[in-house]
Every structure is written in C-alpha cells, then in structure tokens.
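Below you'll find the structure, written out as structure tokens, and then a few comments.
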There are 2 protein chains.
Amino acid sequence: MQTIEKLLESKDIRVTAMRLLIYKFLAEKEIAVTLSDIENAFEKADRTTLYRTIKTFEEKDIVHQIDDGTGITKYALCENGCNCEIETDLHLHFHCNNCNETICLTDHKIPQIKVPDGFVSENVNLVVKGICDKCSR
Amino acid sequence: MQTIEKLLESKDIRVTAMRLLIYKFLAEKEIAVTLSDIENAFEKADRTTLYRTIKTFEEKDIVHQIDDGTGITKYALCENGCNCEIETDLHLHFHCNNCNETICLTDHKIPQIKVPDGFVSENVNLVVKGICDKCSR
DNA sequence: TAATAAGTGCAATGGAAGTGCATTTGTTAT
DNA sequence: ATAACAAATGCACTTCCATTGCACTTATTA
Ligand SMILES: [Mn+2]
Ligand SMILES: [Mn+2]
Ligand SMILES: [Zn+2]
Ligand SMILES: [Zn+2]
C-alpha cells in the first residue's frame, strides 16, 4: 500500500523492498513474532538484514520489543501513535502456555503500579501467562 | 544453621556442603543474582554444579527465577511459604536501570489483571524498571 | 562391605544476539 | 548523465548464556 511507504518516510526510514515486505508481514500477523519467525517467512533474505530491519523499526518506534519470559525476544507493530519514546508500550502482553504464542492486548493498559519510597518507576513490563482464547475454547 | 538443613530435608533435597553454601549465599543477598554472580562467589566450584543446584532449588520451590528483561536469568530465594507451585511469585520485581540490580518487592503484590473474554490468566510476571532507592538518593 | 543412587566436574553443544567488513544498491551533487 | 557518497544488504565470525552427556566421586542402603 501507498500508506506504508508514507509511514516509513515520515519516520525517516528509507523505503526498500525488504522493509516493505517485513512491515507487511508484521502487519498481517496478529501475534508477536520472533526473529526466527521472520527468518522462516523470508528464507531468501539474510538473517542479518532481517535483524537490522527490525532494529531500525524499533529505533524509529514502528515496532516494540516484547520479553514474554520465554527467553526469545519477540516483536510486534506499535499501535498508531503509540509513542514508545515517552513510555514503553503501556499495554499488557499475554503469553499462552499452550500454543506458546504471545499477543499484544492493546486495549488493556497497564495499571498504575506503586513502588516503595525511594524507588522511581520509569516503565513497566507486564506479561500475563495462561491460556489464550484460541486454545481455551 | 540447623534450620537450613531442616528446610532442605523437608523439601526432599539432600544436604550437601555445596547446597548449604549456595543457600547461605542467596540468603544473605538482598538482591536477585545471576548464575555468574554465584560462579564468582564460588570460584572453586564448577559452573554446572552451581547451575544444577539452582535448578534443584527451583524445582523444589526454594528459589524462583526472575526474568527482568536484561536477558540474563536471575534467581532469588522464595519467601517463606511462597507456594510457587500454585501461583508463580505474586510479588513484583524492580530492576534498576542505573546499577542494574534486580530486587524482589515481596510486600508489593501484583494487582488483579483483567484479561479479555476467552483468555485464562494463570500467572503474571511484572517487572518495574527505573531507579532503585540506593541510586536515587 | 558390596551394590546402588545421587552429586559433582569437565568438555562439548546449541541457540540467539550482535559485529566487522566487503559488496551492492540507492541518493545527491557536479 | 556521471561521479561521489551514503545507506542497505549479505556473509562470516564472535560472544554469551543455557543446557547436556558422560566419567568420576561421594553418600545411602541393602
Ligand atoms: Mn505489544
Ligand atoms: Mn522475587
Ligand atoms: Zn494459545
Ligand atoms: Zn540502582
């Protein structure tokens, strides 16, 4: 779509074939993906390119990184106007113990967390683990 | 102390010199430790032994694992009667972006998190990042 | 004391993240 | 249009941490 190119340009990211493909791949995935997932989807491309593309997207706040506790970093597109710069993604993430998929619950914002005196909270990572909607029914 | 031996026995863990030492090491640390931390504290012992000791402790719910987002697994003693079996540690963890230390905030329980219909929450991992009390003053 | 099981040490493996450098592709200035 | 330059890509390699196989030692128990 035309809009993806506009989006990339608006974030000072040069439009390349690879970047468009990776963006589309992320956009049509409803779940967070690992680098290996991307690798498998683009077997012709080099791992490094995919890695650096994701890192570029991350720096420019197009994707955010998710640490769901599996030890493998996952990535997902940011919401429109998510402003990761200011506060890292404020929504919570759900990791399914059954299918091992991780999903952004973008409507579910992270509640205010109180910390003891002397501690300063800058951001919060909240991962709920359990059974996802696909696996529970 | 006598009590450590009793504790280990009550959890069906054989008492060995190494295990007592590692337990004591964890007990006197107020922060969560990495395997490397333990390794540095016991240079004479083999990495594998330390690793397996920690894993044994983990299985028997004497320590719990903490994923603070640094990519390196950390460990800390469970609270008395923490019952990790039922619900993984319910308290929140604080990671200091300055000194890189991670601490259990055992008094600060994780609030109830609502998830969408169809999702079943089994447990929650909550890591707050910011500046710790030692670094903020 | 012999048989057995558990604990420990050494070596090696595997997976994922990250980096250096050469090559290719795209942009900009002449 | 061409040359000069900068960014993107591909390949090889490295590092770091987690994990395992197997031999050896130490502790239990028969
Ligand atoms: Mn997300
Ligand atoms: Mn803890
Ligand atoms: Zn699922
Ligand atoms: Zn600190």
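Residue numbers begin at 1 in each chain, while the letters A, B, ... track the order of the sequences. Note that the structure is predicted; figures quoted are calculated from it, not measured.
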>> Without decimals, in angstroms, what is the distance between A:Leu50 CG and C:dA17 C1'?
In response: 14 Å

> To the nearest Å, how far apart are A:Met18 CE and C:dT24 P?
Replying inline: 18 Å

>> I need the CZ-C1' distance between B:Arg19 and C:dG7, as an integer number of Å.
In response: 6 Å

> Base, sugar-phosphate, or nothing: which does B:Lys55 touch, judged by heavy atoms less than 4.0 Å apart?
Replying inline: sugar-phosphate

>> Quick check on DNA chain D: between B:Thr16 and A:Thr48, whose nearest nucleotide comes earlier from the 5' end?
In response: A:Thr48

> OP1 or OP2 of D:dC17 sitting under 4.0 Å from any side-chain N/O of B:Thr73?
Replying inline: no

> Taking CG from B:Asp37 and P from D:dA18, how many angstroms apart are they, rounded to a whole number?
Replying inline: 11 Å

> Within less than 4.0 Å of OP1 or OP2 of C:dG9, is there a side-chain N or O belonging to B:Thr49?
Replying inline: yes

> Please give, in whole Å, the distance from C:dA6 P to B:Lys11 NZ?
Replying inline: 20 Å

>> Do B:Leu77 and B:Phe57 have side chains that approach each other closer than 4.5 Å (heavy atoms only, starting at C-beta)?
In response: no

> In whole angstrom, what separates A:Glu59's CD from D:dA8's P?
Replying inline: 11 Å

> To the nearest Å, how far apart are B:Glu9 CD and D:dA27 C1'?
Replying inline: 14 Å

> Relative to the ring of B:His64, is the ring of B:His93 parallel (under 30°), tilted (30 to 60°) or perpendicular (over 60°)?
Replying inline: parallel

>> Go nucleotide by nucleotide along DNA chain D from the 5' end; which of A:Arg14 and B:Val15 gets its closest nucleotide reached first?
In response: A:Arg14

>> Just N and O in the side chain of A:Tyr51: are any of them under 4.0 Å from OP1 or OP2 of C:dG18?
In response: yes

> Can you tell if the side chain of A:Thr34 reaches within under 4.5 Å of the side chain of A:Asp37, non-hydrogen atoms only?
Replying inline: yes

>> Measuring only between side-chain heavy atoms, which start at C-beta, is A:Leu50 closer than 4.5 Å to A:Leu35?
In response: yes

>> Side-chain N or O of A:Arg47 versus OP1/OP2 of D:dG10: is the shortest distance under 4.0 Å?
In response: no

> Between A:Asp68 (CG) and C:dA16 (P), how many Å, whole number?
Replying inline: 13 Å

> So which nucleotide from C:dT19, C:dG18, D:dA18 ends up closest to the side chain of A:Arg52?
Replying inline: C:dT19

>> Less than 4.0 angstrom from a charged side-chain N to a carboxylate O is my criterion; do B:Glu39 and B:Arg47 meet it?
In response: yes

